[in-house]
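Have a look at the structure below, then the notes.
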Amino acid sequence: MKLIFSSHTIILALAYSLDVSHALLPNRQSTVSSRIVPMRRHLSVAYADKIDTSADTLDAPSSAETIDAPEVSTLTARDVAAMKYRMLQRKCKEMGLGGTGDTAELRSRLMGKVGGAHAGEEGPTEPTKPRHPPADESAADVIAAITEITERGHWKKAVRKLKKLGKYGDTIPITVYENVLGACAEGRLSGARAAEPARKIMENMARADYVIPSEVGNECIVNSLGTEVGGSHDTFGGIDTALAMLAAMEASGSYVTSDAYASVVEALSRDGSLDEAVLLIRAMVVEKSFTPPLSMLGNAALAAARERMDDCVMNVLSLAKAAGYELDTVGAAEPGRNLLAAGLIAAERTDNLRLGLRILTAAKESKTQPDPCDLMVSCSSPAAQRASTLIHKRSIERAVTDDNWKVAVRILQLMPVRGILPSTAIWRKVVTLCAKAGKSRKATALLLDWISLADQGKVEKPPQSVFNSVVNACEICGEEALTVAVLESMKKTLGTSGDLITLNIALKRLAKAGNFLACEGIMIGMLDSGVEPNVVSYTTAIAACAQAKNSKMATEWLKRMISRGIKPNYHTYNTVLAACLDGTFKSTKRASSVAAEMMAAVDQEIVLGLKGNPNLKSVVPDTYSKKLAREVMKQLRQNWRDGDIDMRVAKATIRPPFLRIVDFDKSEVNTRIFEDLQKAMAGMEAEVKSDTNEHYMEYVSIMDIHSAGHRAAEV
């Protein structure tokens, strides 16, 4: 009599020995066997043996197997007798014997291969002739005795009598099997002690083409499982026993309930056999159209997360959605929050930031009391809290890299709601990003929130550079009230009125208004307090002169900075030239001297090379320098037309420095210096982008002085 299995049973039977992860685990190599599709309810063993299940596709043994599997070459009859259901399947496949069949069939094949005698199990088929039938009683007497014994609930005696009945060689009636199986099932399989006899009875019934009673069969599957190693209970029963029962139920055409499947999945998850658990969940959802219990899905996902099997976690999430569960609502129950927490942990480990944030957003939609669901998911375990923290941190860092201040601010605001305290570095990145984007009000609001948390002792105080960034943003946006508020907060928080950069920003405020006298007062105050002005400070003071069209004071500041050992850069020279564009011949003469001085500095840079940040150190003229030189030459032309100077004298003495600036890039030497300059600029790119670079902060603090109008100054 040929044993038949459904397609689902074959998948279960091969789950341990095949690489079944093609559809579930994208990181693994697919095999033909992983593409088994649902077929008719019954599939013959002969067809199942044609499936490619070579030894190359075998997985490692499950933790449920308590014995070490010997190599095929050293396999003995004793080893075979000790093997359980899944190990028997695996070894049969390794030896090319086919992995389908019940426990007795699989063991019989291996025994035949290793040359041992069958031990301790019913044969694979019903006996065809008597095997020493007892002489003291007939088969009818044994059946009557079994009926009487089962009515009294003596399952051990009933099992012994059933074994004795098999020796008569006659077909055992289905009612006898049902009576003995019912006796075994009493008292939760007598604490799983009757699990193995029940399994043998169910396999014999399937072999005899009997339909196993659904209620009793499902009860046996559930009660054969415990919480100990291998899913056993006091060393009785276990996962292998339950899987064999499940295969026998399906082979007999009996209905297997969702609870029976779920109990096996739970046991597999506890035992660390996550690939098999996911496979069985897939069968429940895809083939059986069951809706698995949410608790089972949550426990399986958490077990996979603990074992760092992130692909399994993702598959459980996908199967939960396929079963009809919505991520936006499952968080209302604790099992659903477990499922979301496992997904959060896996998303962090795979750096899937979008999925991690999506899971927390979905959790937020679930209504829970008294705490919001996203907070409960985020703080459900140390691993979940760590994953949530890292996901938010990395998301902000990515938003900063992409200059996306809106996303960065939104994530920062969500962190406290989800039980995450942003670090000082996170606060700094987001506030500085808003400041650089010109969002002065948002940057100020975030800075004040940061200060409030610092006052409570939850984070460190904002550093001086952050205050400078926000003050600069407020200045650029013309937010005078905010500027004052930030400066007052800085003085209260840090106990200082600022550093060099802060004073440079104050200089910029005055430079915009052309108040060069007030700028001079600040510069004197800086020197009196022991703060040495830098190139940005002097250039800003010159910019105030440019706004006021005071070329005399501009050139005076140029002399002062050189006398104090501060070297001008091309921004400084450009700003002085811009200050000379007032139409007077005196200013034109001053511009000529400045241009000659600039080109002398260029010659020196060509010889000595460029050292440092090109924005702050280089004197090589840029396109704006050329534009200013042309403007001054136009002014010179008007000067000789007005009779301020003879044209020939002007061309011979005043104009040459301007022509050198305009024609600078026509020589081969200048080509080389431009290449050096480009290399230097490339080398400084990372430094310029860093919000911790003070020189860059000084540069951007005043680079917009004339951005609203024509470029009269550039620093």
Side-chain angles (χ1 to χ4, degrees), residues 24 227 258-259 261-263 265-272 274 277-278 280-282 284-285 290-395 410-411 413-421:
L24 298 178
T227 58
S258 175
D259 290 340
Y261 280 109
S263 64
V265 172
E266 292 272 15
L268 289 168
S269 300
R270 287 193 300 269
D271 202 51
L274 278 312
V278 171
L280 197 52
I281 295 172
R282 178 179 175 82
M284 293 176 66
V285 174
F290 287 146
T291 300
L294 191 57
S295 59
M296 182 203 75
L297 295 171
N299 291 336
L302 280 180
R306 283 193 296 269
E307 296 294 329
R308 305 185 71 85
M309 299 178 68
D310 301 323
D311 290 333
C312 284
V313 176
M314 299 303 180
N315 285 323
V316 173
L317 284 172
S318 299
L319 291 170
K321 187 173 182 180
Y325 291 108
E326 292 293 336
L327 294 182
D328 294 343
T329 57
V330 296
E334 183 177 358
R337 293 193 290 273
N338 291 339
L339 180 65
L340 296 177
L344 185 68
I345 295 169
E348 181 275 319
R349 282 203 290 252
T350 57
D351 201 31
N352 194 336
L353 305 181
R354 185 183 296 273
L355 175 61
L357 294 175
R358 170 69 182 92
I359 287 174
L360 288 173
T361 302
K364 184 180 178 182
E365 299 300 321
S366 300
K367 305 303 180 183
T368 56
Q369 295 294 336
D371 298 319
C373 184
D374 52 347
L375 172 63
M376 298 175 71
V377 170
S378 182
C379 300
S380 59
S381 69
Q385 193 165 29
R386 177 183 180 276
S388 181
T389 302
L390 291 176
I391 285 173
H392 286 82
K393 177 184 176 182
R394 293 174 191 166
S395 299
R410 178 58 180 157
I411 296 174
Q413 292 172 339
L414 286 172
M415 290 179 74
V417 177
R418 293 168 178 171
I420 306 169
L421 186 63

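Residues: numbered from 1 along the sequence shown.
Side-chain atoms of S380 come within 3.5 Å of backbone atoms of V377 as a donor-acceptor pair (strictly under, hydrogens ignored). Not one N or O on the side chain of S388 forms a donor-acceptor pair closer than 3.5 Å with the backbone of A384. Judged by distance alone, with hydrogens and angles left aside, the side-chain atoms of S378 form no donor-acceptor pair with the main-chain N or O of D374 at under 3.5 Å.
A320 and L297 make their closest contact through CB-CD1, 3.8 Å (heavy atoms, listed as atom of the first residue, atom of the second, distance). Listed here is the closest heavy atom pair of L339 and A301: CD1-CB, 3.7 Å. The shortest non-hydrogen separation linking A303 to L274 is CB-CD1, 3.9 Å. Taking each heavy atom of C379 and Q385 in turn, the nearest pair found is SG-NE2, 3.9 Å. A pairwise comparison of heavy atoms in V285 and P292 identifies CG2-CG, 3.7 Å as the closest pair. For the pair S366 and D328, the tightest heavy-atom approach, listed with the atom from each and the gap, is OG-O, 2.9 Å.
Between atom CZ of residue R354 and atom CD1 of residue I391 there is a gap of 13.0 Å, rounded to the nearest 0.5 Å. For the atom pair L355 CG and I359 CD1, the distance stands at 4.0 Å (nearest 0.5 Å). Rounding to the nearest 0.5 angstrom, the gap separating the CD atom in E365 from the OG1 atom in T361 is 8.0 Å. Note: N352 CG to R394 CZ = 11.5 Å, rounded to the nearest 0.5 Å. For the atom pair OG of S381 and CZ of R337, the computed distance is 13.0 Å after rounding to the nearest 0.5 Å. Taking CD of E334 as the start and CE of M376 as the end, the distance is 7.5 Å to the nearest 0.5 Å.
Salt bridge absent: R418 and D371 never bring a charged side-chain N and a carboxylate O closer than 4.0 Å.
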ask   = Stepwise, does the side chain to side chain contact (heavy atoms under 4.5 Å, CB included) test hold for N315 with R282?
value = CA-CA 9 Å; N315 285 323; R282 178 179 175 82; over 6 Å; no

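Counting heavy atoms from C-beta on, the side chains of K364 and V417 never come closer than 4.5 Å. Here the side chains of L357 and H392 are in contact, with some heavy-atom distance below 4.5 Å. No side-chain heavy atom of M309 sits under 4.5 Å from any side-chain heavy atom of V278. Contact annotation: the side chain of M284 never approaches that of L319 to less than 4.5 Å [non-hydrogen atoms, C-beta and beyond]. Residues V313 and I345 are not in side-chain contact: their nearest non-hydrogen atoms beyond the backbone lie 4.5 Å or more apart.
For residues 299-310, the side chain to side chain donor-acceptor pair (under 3.5 Å) pairs, not counting sequence neighbours, are E266-N299, D310-R349. Listed by first and then second residue, the ring-ring contact (aromatic ring centres under 6.0 Å, His included) pairs involving residues 290-323 are Y261-F290 (not counting sequence neighbours).
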